[in-house]
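For ligands, and for the atoms within them, numbers begin at 1 and follow the listed sequence.
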Amino acid sequence: MKKPDGKVVLLGDMNVGKTSLLHRYMERRFQETVSTVGGAFYLKQWGPYNISIWDTAGREQFHGLGSMYCRGAAAVILTYDVNSLQSLTELEERFLALTDSASADCIFAIVGNKVDLTDDCALPPDENRSEKSVASCGSKVRKQVRAEDAIALYKKILKYKMLDEKDVPAAEKMCFETSAKTGYKVDYLFETVFEMVVPIIGRQKAEGPPQTVDITDYKPAKRTKSGCCA
Ligand SMILES: Nc1nc2c(ncn2[C@@H]2O[C@H](COP(=O)(O)OP(=O)(O)OP(=O)(O)O)[C@@H](O)[C@H]2O)c(=O)[nH]1
Ligand SMILES: [Mg+2]
């Protein structure tokens with residue numbers, strides 16, 4: 001098996017569609033999924049590099065594994081369901097801290113999936129819907145999470161990471177809405193992220209493996225009569 005050069009990780013609550021997004025991108029189809037156990041990865045050749053894309057489990061019981069999957073990640077794709085405000089809130093409350101182990105220059109993408117279930121004629125939540133607009137929306141539901149909510153989360157992430165807005169890609173560029181079911185914007189999402197991680201992976205490779213402490217060099221300190229170390 002080829003050795004991965006860099007890592008992209010999908011995080012998010014259960015049922016938001018992480019596995020489906022990866023299937024759509026890698027296998028070009030939408031198929032029934034089972035809730036992920038632990039994690040799994042695909043390898044994608046992009047330019048000179050093999051990028052591993054990690055699909056993680058959103059279920060609470062696997063939460064402890066998340067930071068292990070994020071270790072050294074060049075990008076984290078935080079995924080929510082546009083029909084569930086709770087799934088966006090969870091990204092901040094439950095998943096963001098897992099990215100502490102990611103690369104220092106890790107990039108963040110925020111992805112609202114399942115837009116196929118919503119109708120673009122939806123009005124902002126604070127406006128009353130007229131009879132006409134309800135009728136023209138048909139069976140589709142009104143989107144619960146607005147693009148501005150995702151942008152606000154992106155800005156909170158920058159604050160959490162103590163990053164300056166002018167040093168990172170703009171929020172509007174890093175917030176996506178997708179449908180794994182129809183394929184809407186799925187290629188665009190992954191390919192935008194890959195383009196951005198190529199220089200990060202290049203830097204990671206130039207720096208070599210993370211510094212380690214060689215314990216064979218360790219010499220115990222001499223003990224003095226008083227019991228202190230000299
Ligand atoms: N309509 C619609 N359904 C979707 C979409 N993406 C995923 N689903 C459905 O949502 C359910 C959950 O999808 P998964 O891809 O398994 O979700 P997950 O985020 O991997 O969930 P965990 O593995 O439990 O963390 C499945 O029934 C999918 O068919 C989408 O874009 N549109
Ligand atoms: Mg899954």
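- In this structure, atom 16 (O) of ligand 1 lies nearest to the protein heavy atom T33 OG1, 2.6 Å.
- Remark: N50 engages K2, D5, L43, Q45 in a side chain to side chain contact (heavy atoms under 4.5 Å, CB included) (not counting sequence neighbours).
- Of all the atoms in ligand 1, the ones that sit under 4.0 Å from a non-hydrogen atom of L117 are 1 (N).
- Annotation: side-chain hydrogen bond (donor to acceptor under 3.5 Å, both in side chains) contacts of K155 (sequence neighbours excluded): none.
- The set of protein atoms (N, O or S) found at less than 2.8 Å from the Mg ion (ligand 2) reads T19 OG1, T36 OG1, by chain and number.
- In terms of protein heavy-atom proximity, atom 20 (O) of ligand 1 is nearest to T19 OG1, 2.8 Å.
- Residue contacts with ligand 1 include F30, since one or more of its heavy atoms lies under 4.0 Å from the ligand.
- Among all non-hydrogen protein atoms, the one lying nearest atom 17 (O) of ligand 1 is G17 N, 3.1 Å.
- S179 is linked by a side chain to side chain contact (heavy atoms under 4.5 Å, CB included) to V115, D116, K181, T182, Y184, counting only residues two or more places apart in sequence or in another chain.
- Protein heavy atom in closest approach to atom 1 (N) of ligand 1: D116 OD2, 2.9 Å.
- Scanning all protein heavy atoms for the shortest distance to atom 12 (C) of ligand 1 gives N15 OD1, 3.0 Å.
- When hydrogens are left out, the protein atom nearest atom 7 (C) of ligand 1 is S20 OG, 3.3 Å; that is the closest non-hydrogen contact.
- In terms of protein heavy-atom proximity, atom 8 (N) of ligand 1 is closest to K114 CE, 3.7 Å.
- For atom 31 (O) of ligand 1, the closest non-hydrogen atom of the protein is A180 N, 2.8 Å.
- Within the 4.0 Å heavy-atom shell around ligand 1 one does not find G12.
- Residue-ligand proximity, E32 to ligand 1, at heavy-atom distances under 4.0 Å covers atoms 27 (O), 29 (O).
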